[in-house]
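Here the structure is laid out as structure tokens; the discussion comes afterwards.
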Amino acid sequence: MLNLQEIRNDFPILGREVYGHPLIYLDNGATTQKPRCVIDAMTDEYLNVNANVHRGIHYLSQQATDLHEAARETVRAFINARSTAEIIFTRGTTESINLVASSFGQAFLHDDDEVILTEMEHHSNIVPWQLLQARTRIKIKVCPITDEGRLDLEVLPTLFTKRTRLLCCTYVSNVLGTVNPISELIRQAHEHGVPVLVDAAQAAPHLLLDVQALDCDFLAFSGHKVYGPTGIGVLYGKQQWLDQMPPYMGGGEMIAKVSFEHTTFNELPYKFEAGTPDYIATTGLARALDYVKEIGFNAIQEHESALTNYAREQLSQIPGMRFFGPSDDAVISFLVGDIHHMDLGTLLDRLGVAVRTGHHCAEPLMRRLGIEGTVRASFALYNTFEEIDILIAAINRVRKMF
Ligand code: PMP
């Protein structure tokens, strides 16, 4: 059981008001709020340690480097990677996927090779593959979803061919709340000799990730969705792939030796980390992951799943309620009668309730659902049942206006 009052006290922003109402923050799928310990860890580093990492022989630089590399070890342990060589710091899920598309693409994807995506992918797991397509004539195949908002597992096996080089799939849908049977998908892909990239942006805050148990080849997530700072994310890659992939960007840190005639590259993971890394954010990310671990995924899941079930139940009693997706996880997408999602979201905001509206960066999925957008309520470990009651009351108030 979570001590919710104690947890809420960890998040200073939850005490503020919006338009004279207490803030009800239900846009956690977009980004989570930050506990004081994360803010303090970053402030402390700026105040007392700040120096560029890896390059200096002086005290502060070494201390900053130690913090940065300790953060890498925290990430490694968090997802149970074999080695810190497999943990690449990026700006977020988007950059992690672009890195794979560009670098794995250059090494392993040639004309007429195929990549399988799914109909429920976020734009950041679609567009990088299209950008690659503009350079190499790869074929993008798409696994459809069922009317219930689950991957069509009867179609998926038919998409593998001799030319399939990668399966890219989200673990949890940011729109439908579907938790995909990712272990099974990875097993199937591997049977065809196909590696798998997992978009874990929506999984990292809610589910225990174990890259060795999953046996995924790549996994991407963002710090800011798991109570950490913005501007930092992770790409996990199996060393056997990363070793064979060319660098993504060129610059400082990623080199071994440089001359105008010939440059050699640094070892993993630095080969993929050109330039000064956001070493303050890596400290914040590590503190956030420690915070989540201290609370524990069992307690988090128990609470979030109770919240999600309660919210679905209460929402379903509202006349004209239409749900999109199964909401296995802490995400509920819906529309109410003929009320436009933007109108509903805007009016809820006036009542202090922050939800997301729109296509949620998943336009192909919206097309499949035959809608323009939804209202999305997404929960975090600090949300309460009372907040859901306020959401319901607010929706009912808005309904009366229409
Ligand atoms: N994939 C999914 C499933 C997401 O929900 C998001 C963020 N909405 C992303 C990728 C992109 O994450 P970021 O913007 O942090 O790079």
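One is the number of the first residue; the rest follow in order along the sequence. We count ligands from 1, going down the list as the structure has it; atoms in each ligand are counted the same way. The figures that follow rest on heavy atoms only: side chains count, while hydrogens, waters and symmetry mates do not.
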Residue, atom name and distance, where the atom is the protein heavy atom closest to [atom]:
atom                    : answer
atom 10 (C) of ligand 1 : S124 OG, 3.1 Å
atom 5 (O) of ligand 1  : Q202 NE2, 2.7 Å
atom 4 (C) of ligand 1  : H122 CD2, 3.4 Å
atom 14 (O) of ligand 1 : T94 OG1, 3.7 Å
atom 2 (C) of ligand 1  : D199 OD2, 3.4 Å

*Is the shortest heavy-atom distance from the side chain of L365 to the side chain of L369 under 4.5 Å?*
yes
*Considering only heavy atoms from C-beta outward, does the side chain of M42 approach that of V38 to under 4.5 Å?*
yes
Can you name the atoms of ligand 1, numbered from 1 with element, that are less than 4.0 Å from a heavy atom of [X]?
X    : answer
N174 : 5 (O)
K225 : 6 (C), 7 (C), 8 (N), 12 (O)
S222 : 12 (O), 13 (P), 15 (O), 16 (O)

*Are side-chain N/O atoms of Y382 and N28 paired as donor and acceptor at under 3.5 Å?*
yes
*Are side-chain N/O atoms of E313 and S316 paired as donor and acceptor at under 3.5 Å?*
no
*asked:* Is there a side chain to side chain contact (heavy atoms under 4.5 Å, CB included) between V331 and R376? Walk through the geometry before answering.
replied: CA-CA 7 Å; V331 174; R376 182 187 73 182; 3.8 Å; yes
*Going through the distances and angles, do T65 and Q62 end up as a side-chain hydrogen bond (donor to acceptor under 3.5 Å, both in side chains)?*
CA-CA 5 Å; T65 303; Q62 292 188 7; over 6 Å; no
*asked:* Heavy atoms only, cut-off 4.0 Å: how does H224 contact ligand 1, side chain, backbone, both, or neither?
replied: side chain
*Compute the shortest N/O to N/O distance between T170 and ligand 1 and return yes if it is under 3.5 Å, no if not.*
no
*Does the gap between the ring centers of F11 and Y25 come in under 6.0 Å?*
no
